[in-house]
Each structure stands twice: as C-alpha cells, then as structure tokens.
J.: 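Take a look at this one; I'll ask things after.
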Amino acid sequence: MLIFCVCICLGSPSVFAQDTTNATTIKLDFTPDFIDFSPDDRYMVAENETRYLVWDTQTNNKVVEGKYAFKIGRFAKSISIPSGSGYFLFGNEKVFITIDYQHNNSHIKAFNLKDGTQIWETNQLDIGIGLTETLISAHAGSTLDVEVNGIKLSKPQLANNFFTRDRFLDRLINYVPEKHAIALNGKNGLQLIDVRNGKILWTQQAFKGGIGELLYNAPSNKLLAITVPATDGAIDLLTTTPEVIALNATTGTIAWKVAYTGDFMPNYASIVNNTLVLPYLELAFIDLKTGTERQGDVHSRMAAAKNVTKGLGGLMAIDKAMGGSFGANANQPSKYNRLIPRALHFNNQGKLCYFTMFDKNGTWGTGGKKGYTIIDIKKDKIELEVHDLLGSQWTPLQDAMANGIFYVKASGNLNRTTIKAIDARNGKELFETEKAKNSADISKAFNPFMIDTHNNRLIDVVSKGVYIFNAKTGENMAYTSTKDLGVGTVKFSEFFANGLLIFGTKGVGVIDFKGNIIASVSTKNIKGFAATAQEIQLLENKRFIRIDANTGKLLEEQPLGKTNQIAFSPSGKTLARAKGAHIELFQ
C-alpha cells in the first residue's frame, strides 16, 4: 500500500543527486512526523501529533505555526474517528485552514498565507461520525487519484491547487473554486462559506445528509449536491433515496431534487450544456433547469432495464447493509456498465461516445450484444449506433478514448483478454489486439490498459506480462513477461518520464516505451516511490533504494534508521530533508 507522502528514514545524509549548495535550513520547535508540499510546490507543511508549520518555499520564510487541539487525524488507524485535527491549504486563495474536531463539535481557524495573520474562525461545522464513515466509503476507490513522485493527489486537487492529507477531513468539506468557497454541513444546515474571509454566504436548513460530490454549473449558477446515505447503517442504506439536489449558488435555495440509482463514485457525473449526465447504475440525462429526466432516445432505450436496475439498487443496499460487495471483486466487476460507473468520453464536438450492451430488439442494459454509440446530448438523440462489436462470450472491462480512437478491453473464455479499437467518428473497427492468454490470475485481478499518446503506444498490463502495441494500428511491438521482469503477479503500474513502472508481488520492474527492461528490483511491501527522468527511488519498510532511471544501475541501497526523513514536492523539484527539529530544503 502506498503512503500519501514519501517520508524516508535514512542512515546516510547524502541520498539524492540534487545540488546541495543552495539549501535553506529551517529550525522548528518540534520534530515533524510528516512533511508535505502543496500541488504547486509553493508551500511546505510540516506537522507532528500536535504541532504544524507552513513554510513559503518561494520567499523561504515561515508563514504560520501553531498547535492542534487533538492528535492529527492522519495518525488514526481506523476510519471511525471521534476526535482529531488536520488542515486544508487553498493555494489559489492563499489561505491555510486548521480544523479541530471532536464528535459533533469543531473549531476552524483560517490564516492568510501572505503574512500568517488569522483572518476568521468558526465552530459551526457539524461532524457526525456516521456521516464521516459514509463519505470515506463513498470516495474510497476513486480511479481518478494520481501518484506524483509517490505522493497521492487527486486530479481536482492538482487542477484547483488545494489539498489536505487528512483522509477524514477530505470527505467532509467540498471546495467550490469558482466561488472561492467551501460547502459544509453546519449545525444549522448546509452552508457556503467564503474561504477568504469566513463570511457565511448562505445557509440551507432543509438540506440534510451527506454530500458525496458537489458540482458547480456557471451558466445556470447552480450547485449540484450528489448525496449519499447519512450513515452506513442498514436502516439508512435501505430507506434513504440517494438524490441530486440543485441549489441556487447565490442564495442556497433548493431548485429541485431528483433520485438516482446505483453506487455513487466521485468524478463520474458530468455536465454537458444544460444536462447533468449520471452514469452510476444506469445512464440518465437530467435537465438542469427542471430536474427531470429527459424523455429522449437514451430514456427509451433504458426503460426496460430501469425496472431491473431499481431492483438491483435495492439488492445493492441490502448487500451493503450486510457488509457485502454485491457479487463483484473491487478489481473485477462482474457486469460492465450495470454494476459499476464508468468515466464518460466525449468527442471534439462534445458528443458522448458510449459503449453499451443491448438485446436483439435494441433495448439497452440487457442481452449479450455490445455496441458503440454516439449521443448528441443537446438533442437527446442517438446519432450513431454500431452493433455486435463484441460477441456474447466477451465481457467488457474498461474503455478509454484518445486521438479519435475508442478502445475497449474485454475478457473472454479460457481466461483471455483483448482490446478492440474503434474509430470514434463512425464506429468502425480499426483493429483488435491478439488475445492475451492467462491474462488474469486465479483471483481474477484486473489491470487496466494505458495509452501513451506522446509515443503512440497502447500498453496492456496483464498478470503475466506487459504488451506494447502501436496505438493506431494495433501492431504488437513488444511483450515483456513478468517472469523476465521478476516482479511476480502485477499489482499496478504507472507511467513515468522514461517508460513504465511495474509493481508486482515480488518486486518492481522498469521498462521503456519499446518494452526493453531497464531494471528489476526485488522488493517487499513498497510504501512509496518517486520517479523522475534521472532516477527512481523506492521505499520499503526497512530499506531505501535509488536506481538510475536510464541505465537501471543501482545507485544506492540504505537500511532505514530512525533519525532522518526525506519528502518530495509533487513535481520533484523541491526536496526536504529533516533531522530532528531541523529541515534542509533544496530547490
């Protein structure tokens, strides 16, 4: 499991190849347990159980320093946290917020990152433990989290330049960058608060329950709150109807509510013109003005399946209440586009490119046929439909689109997988990759394919190896087996500047974009990593390794000590090395 930040205890002070002549030495009044950097590299945050410090890396000055009321939440081993402390950093607004929470009580303080002055505070955040558990569960498993030099950041954080390292708090507060505001469930209802001055812009007392995701639509000036059950208890799961609630972003007035069916996942809902597109258990188009489902082609195609999906929604709630996972391994969905949501793909005209299953009568969501469609959401019309692109023996697992090509990965009999490429403009099949044998292990673990648009590569990762295809023609350019790599069964993989990192049960392999093996390292329990064009760093529980990213040469191998720690900024351009209460900052 990867940690959120690369913190390394070392026995040797000289670890990285960076120039150490321009180091800034920072003296703290405490020994930090964690060191983090904002997504734009501008601020460094050091903290331990009860203390924190914010450092401006541009001016090389301390901005804020203080004490937490409780032990920081990121120390907690379990999800249910009755009390704790943590922070949010809003880079665009230059605001740093600390939150001390205990049961339903909380205290928020906000500081100006320009001069460190406190600009506002409030005790109105209502934190219910049941609600918190639900939101953490709802957000867990998002496929849109990315690793940057071993540090886990979500794409919204990278885009909006805000972050927190507290998993507990990350699910309680929704940031609306367009309004420079945060939405939170206050003691008097849902509140929108200006981050810059703490002004309560409005309070909506009629809003109850948890928010899984909050979307803002500027043309309609609406906030769309996608709700989740208030608790993970069986009663709430079975009796609560998940809804999308539209509020006037200026006044907080509720404009409409509409129920949705399925298991919420963040970052999957999309707004296209005046339509909210929900892909959770069924594809639904919601008119932003009225809050009603649009009665067009998609609605009619889904009509028969919706009677089934409503029943599935109830079964999912029952299964969750009983602690189940509704018949599917988290890595191996049992049904495509029915039991799991999918990211939506749009062409350069803003039209939805959608791959679905249907029966011989064209009814969506049932039957064994699979086909490709182009949907004009504005007109609510299916413009193109190409049938039978995958036979009944194939189960689609993943789709993606790049450079005008729509790719679908599917599994079939004899434990094989294949990727089919479709011209996104007309739905014609361009190619199908050779069928990968033994492409999933006994647990049916699924590894997604990856598209490298810069080098025109389609990289398919399976449990026994890595295929590299020409992304436009499907030509098999290389195959590297996990046996040759020495990594065991593949767990996950990630691009870096020079190629691909392959993390397996027995080690870490590095290959370039042509499939050549750069390095293979036996490892156990990788906790963190950093990869740049120059070198790769791997952190285990008791060992730290440096590898040349071009030659694969082992640069350094150190057993872990207990005195020093090192942390990277997201870009890898800033390095902090701490020894006790001293931090050396390299840029």
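Heads up: numbering here begins at 1 and tracks the sequence. All of these numbers come straight from a predicted model, not from anything done at the bench.
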J.: Side chains of F88 and I182: closer than 4.5 Å at any heavy-atom pair?
T.: no
J.: Give a yes or no on this: more than 12 heavy atoms of other residues, nucleotides or ligands lie within 6.0 Å of atom CD of Q295.
T.: yes
J.: So which heavy atom on G252 is nearest to which on L247, and how close?
T.: O-CD2, 3.3 Å
J.: Hey, what do you get for NZ (K378) to CD (Q349), rounding to the nearest 0.5 Å?
T.: 12.5 Å
J.: Just do the side-chain contact (heavy atoms from CB on, under 4.5 Å) check on L215 and L276 with the steps written out, would you?
T.: CA-CA 10 Å; L215 305 175; L276 172 65; 4.1 Å; yes
J.: Would you compute the distance between atom CG of L397 and atom OG1 of T417 and round it to the nearest 0.5 angstrom?
T.: 7.5 Å
J.: Check whether any side-chain heavy atom of D36 lies under 4.5 Å from a side-chain heavy atom of Y87, and answer yes or no.
T.: yes
J.: What is the minimum heavy-atom distance between I382 and D297, and which atoms define it?
T.: N-OD2, 2.8 Å
J.: Could you list the residues that satisfy salt bridge (charged side-chain N to carboxylate O under 4.0 Å, His left out) with E385, not counting sequence neighbours?
T.: R301
J.: So which of I375, I286, V272, V298 actually passes side-chain contact (heavy atoms from CB on, under 4.5 Å) with V277?
T.: V272
J.: Evaluate the side-chain proximity of V258 to E293: yes if any heavy-atom separation is below 4.5 Å, no if none is.
T.: no
J.: Is a donor on one side and an acceptor on the other found under 3.5 Å between the side chain of R165 and the backbone of G86?
T.: no
J.: Within the structure provided, determine whether I108 and Y101 are in side-chain contact (heavy-atom separation under 4.5 Å).
T.: no
J.: Looking at every heavy atom in both A246 and L224, which two are closest together, and how far apart are they?
T.: CB-CD2, 3.5 Å
J.: Under the side-chain hydrogen bond (donor to acceptor under 3.5 Å, both in side chains) test, which residues partner S270, sequence neighbours left out?
T.: none
J.: What is the minimum heavy-atom distance between F406 and C353, and which atoms define it?
T.: CE1-O, 3.6 Å
J.: Between Y407 and A471, is there a donor-acceptor pair closer than 3.5 Å when you use the side chain of the first and the backbone of the second?
T.: yes
J.: Could you go through the side-chain contact (heavy atoms from CB on, under 4.5 Å) check for Q191 and F207 one step at a time?
T.: CA-CA 9 Å; Q191 295 183 324; F207 190 101; over 6 Å; no
J.: Closer than 4.0 angstrom, basic N to acidic O: yes or no for D287 and K289?
T.: no
J.: How many angstroms lie between NZ in K179 and CG in L223, if you round to the nearest 0.5 Å?
T.: 7.5 Å
J.: Please examine the side chains of F431 and N470, heavy atoms only from C-beta on, and report whether any two atoms are closer than 4.5 Å.
T.: no
J.: Run the side-chain contact (heavy atoms from CB on, under 4.5 Å) check on V408 and F449 step by step: do they pass?
T.: CA-CA 9 Å; V408 179; F449 66 84; over 6 Å; no
J.: Please check this pair: side chain of T505 against backbone of T489, looking for a donor-acceptor N/O pair closer than 3.5 Å.
T.: yes
J.: Restricting to non-hydrogen atoms, name the atom on W202 and the atom on N248 that form the minimum distance, rounded to 0.1 Å.
T.: NE1-O, 4.0 Å
J.: Distance check, rounded to the nearest 0.5 Å: F285 atom CZ versus I377 atom CD1?
T.: 4.5 Å
J.: Could you check whether N403 and T453, counting side-chain N and O atoms only, form a donor-acceptor pair closer than 3.5 Å?
T.: no
J.: Does the side chain of I468 come within less than 4.5 Å of L500's, by heavy atoms?
T.: no
J.: Could you walk me through whether W394 and K435 pass the side-chain contact (heavy atoms from CB on, under 4.5 Å) test, one step at a time?
T.: CA-CA 11 Å; W394 292 96; K435 296 172 179 60; 3.4 Å; yes
J.: Mind checking side-chain hydrogen bond (donor to acceptor under 3.5 Å, both in side chains) for Y372 and listing every partner two or more places apart, or none if nothing turns up?
T.: none
J.: Hey, could you give me the CD/CZ distance between E494 and F503, rounded to the nearest 0.5 Å?
T.: 7.0 Å
J.: Nearest 0.5 Å please: distance from the CG atom of L184 over to the CD1 atom of I193.
T.: 4.0 Å
J.: Once salt bridge (charged side-chain N to carboxylate O under 4.0 Å, His left out) is applied, do any residues pair with K351, and if so which ones, sequence neighbours excluded?
T.: D376, E383
J.: Can you find a heavy atom in the side chain of I245 that is under 4.5 Å from one in the side chain of Q204?
T.: no
J.: Is there a donor-acceptor pair under 3.5 Å between the side chain of T227 and the backbone N or O of E243?
T.: yes
J.: Using a 3.5 Å distance criterion without hydrogens, assess whether the side chain of K409 forms a donor-acceptor pair with backbone atoms of D460.
T.: no
J.: Atom CZ of residue position R425 - does it have more than 12 heavy atoms of other residues, nucleotides or ligands inside 6.0 Å?
T.: no
J.: Return yes if some donor-acceptor pair links the side-chain N/O of N160 with the main-chain N/O of F162 below 3.5 Å, else return no.
T.: no
J.: Provide the closest heavy-atom pair for P177 versus E93 in the form atom of the first, atom of the second, distance.
T.: O-OE2, 4.3 Å
J.: I'd like to check the salt bridge (charged side-chain N to carboxylate O under 4.0 Å, His left out) partners of R457; sequence neighbours left out, ordered by chain and number.
T.: none
J.: For F495, which of N455, I459, I451 qualifies under side-chain contact (heavy atoms from CB on, under 4.5 Å)?
T.: I459
J.: Side chains of L389 and K370, heavy atoms from C-beta outward: is any pair under 4.5 Å?
T.: no
J.: Indicate yes or no for a side-chain donor-acceptor contact from T433 to the backbone of I419 under 3.5 Å, with no hydrogens or angles considered.
T.: yes
J.: Taking only residues two or more places apart in sequence or in another chain, which ones pass salt bridge (charged side-chain N to carboxylate O under 4.0 Å, His left out) with K222?
T.: none
